[in-house]
There are 2 protein chains.
Amino acid sequence: MLSKTTEYAIRALVSVELNSRKGQRPGFKTIARDIDAPEQYVAKIMQTLTRFKLLKSVRGRGGGFFFTEDYQQDIFLYDVVWIMEGKTFFTRCGFGFKHCDANNPCPLHNEYEPIREAFTQLLKKETIRSLATKIEKGEAVLSRLSV
Amino acid sequence: MLSKTTEYAIRALVSVELNSRKGQRPGFKTIARDIDAPEQYVAKIMQTLTRFKLLKSVRGRGGGFFFTEDYQQDIFLYDVVWIMEGKTFFTRCGFGFKHCDANNPCPLHNEYEPIREAFTQLLKKETIRSLATKIEKGEAVLSRLSV
DNA sequence: TTTATTAAAGATATTTAGGTCTTTATTGCG
DNA sequence: CGCAATAAAGACCTAAATATCTTTAATAAA
């Protein structure tokens, strides 16, 4: 469904959110530990997310990753998936047929379309903040061990 | 979602069904042409499907791939996906969290679970035969060009 | 029985996703 | 200023998915 890279990206952003709620500005090593992913790979992913302005980074002593006030509330999972997987993720045929759409439907288009749409709506509803809140409330866990 | 290989597998089986309705027993080259996929790669996939007894093959002149009478009606897409992707396809967390289930839910488990279940039900309902029938009725197309 | 035709099998090649290493640029602190 | 800590950037490496090539085995027709 989602690539491992996209999964890391989502969980990394949640880690930043949780850390910032504790008044901390995590670096990529902290994030990698939180989400149990390879440090250097997380570093690459954070670069991408920073380049697309989902968050900010500062180098040097005391540096790390953090959200700006204006963006903090507005990172939908949809945005993350769009950046990491590309826009075609939300439209391409789930069964590999060419030119599959309402006008030229593949044999599963009509049944699959509402499922894909439901998934898209989920990604458009949930935010990094909402995931973090669920974790803080104890309704869910970020990793195997809670952060 | 599904791997390219699984997509090929489903479409290849539909091609076999459509050809057999026309009284023909297609070889992997015919199938590859039908579904617009690489010949030798299709050959490999057909080997797998044959090994798992989703269909039969005969070598030599006049050979090719075909369904046995008993299996013909019973190939659910679920079976194909299970064979090609493995059983964990239907249970693994959509967001890469460890140990994600009802008892230890990731922050999206409760919302994602029904979507995954709907997809699973779709795969358990639709069969190779049902897809082929839609195509024959003109309700859908197999490839860019109809077969 | 020979030949043409076909799938099976196994080795190899290519591409893409995932992951690592090294160097450089930036920042804060002593 | 000089040093330590940190992210950025680019080169590189590895593993998995995708694709191809070559040889062998089976089958039917001439």
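Naming convention: chains lettered A, B, ... in sequence-line order (proteins, then strands); numbering from 1 in each chain.
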Specify the separation, in whole Å, of atom [atom1] of [X] and atom [atom2] of [N].
X       : N      : atom1 : atom2 : value
B:Arg25 : C:dT5  : CZ    : C1'   : 14 Å
B:Ile45 : C:dA8  : CD1   : P     : 13 Å
B:Ile31 : D:dA19 : CD1   : P     : 16 Å
B:Lys56 : C:dT6  : NZ    : C1'   : 18 Å
B:Phe89 : D:dA17 : CZ    : P     : 14 Å
A:Leu55 : D:dA7  : CG    : P     : 12 Å
B:Lys29 : C:dT5  : NZ    : P     : 9 Å
B:Glu39 : C:dT6  : CD    : P     : 11 Å

If only atom types and distance count, is the side chain of [X] paired as donor or acceptor with the main-chain N or O of [Y] below 3.5 Å?
X        : Y        : value
B:Lys134 : A:Pro107 : yes
B:Arg116 : B:Thr91  : yes
B:Ser130 : B:Glu126 : no
A:Glu85  : A:Ser3   : yes

inquiry  = C:dA8, OP1 or OP2 - any side-chain N/O from B:Ser57 closer than 4.0 Å?
reply    =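 Answer yes for this pair, as a side-chain N or O of B:Ser57 is under 4.0 Å from OP1 or OP2.
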Nearest-0.5 Å distance that lies between atom CD in B:Glu7 and atom SG in A:Cys106 =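 Rounded to the nearest 0.5 Å, the CD-SG separation comes out at 9.5 Å.
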inquiry  = I need the A:Leu13 CG to A:Ile45 CD1 distance, nearest 0.5 Å.
reply    =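 One gets 10.0 Å once the value is rounded to the nearest 0.5 Å.
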request  = Is it possible for you to check whether B:Lys124 lies under 6.0 Å from the centre of the six-membered ring of B:Phe76, through NZ or CZ, and within 45° of that ring's axis?
outcome  =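 Relative to the ring axis of B:Phe76, which defines the angle, B:Lys124 lies outside at least one limit.
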key: Pairs involving residues 39-63 of chain B, ordered by first then second residue, that meet ring pair (Phe, Tyr, Trp, His ring centres under 6.0 Å) (sequence neighbours left out)   =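 Qualifying pairs: B:Tyr8-B:Tyr41.
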message = For B:Phe67, run the side-chain contact (heavy atoms from CB on, under 4.5 Å) check against B:Leu54, B:Asp74, B:Val16 and tell me which one passes.
response =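 Considering B:Leu54, B:Asp74, B:Val16, a side-chain contact (heavy atoms from CB on, under 4.5 Å) with B:Phe67 is found only for B:Val16.
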message = Please encode protein proximity along nucleotides 11-19 of chain C as a string of B, S and -, counting only heavy-atom distances under 4.0 Å.
response = B------BB
inquiry  = At less than 3.5 Å, do the side-chain atoms of A:Gln47 and the base atoms of D:dA7 form a donor-acceptor pair?
reply    =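 When only heavy-atom distances are counted, A:Gln47 does not reach the base of D:dA7 through any donor-acceptor pair under 3.5 Å.
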N/O to N/O distances under 3.5 Å, protein versus nucleotides 1-6 of chain D:
| residue | atom | partner | partner atom | Å |
| --- | --- | --- | --- | --- |
| D:dT6 | O2 | A:Gly60 | N | 3.1 |

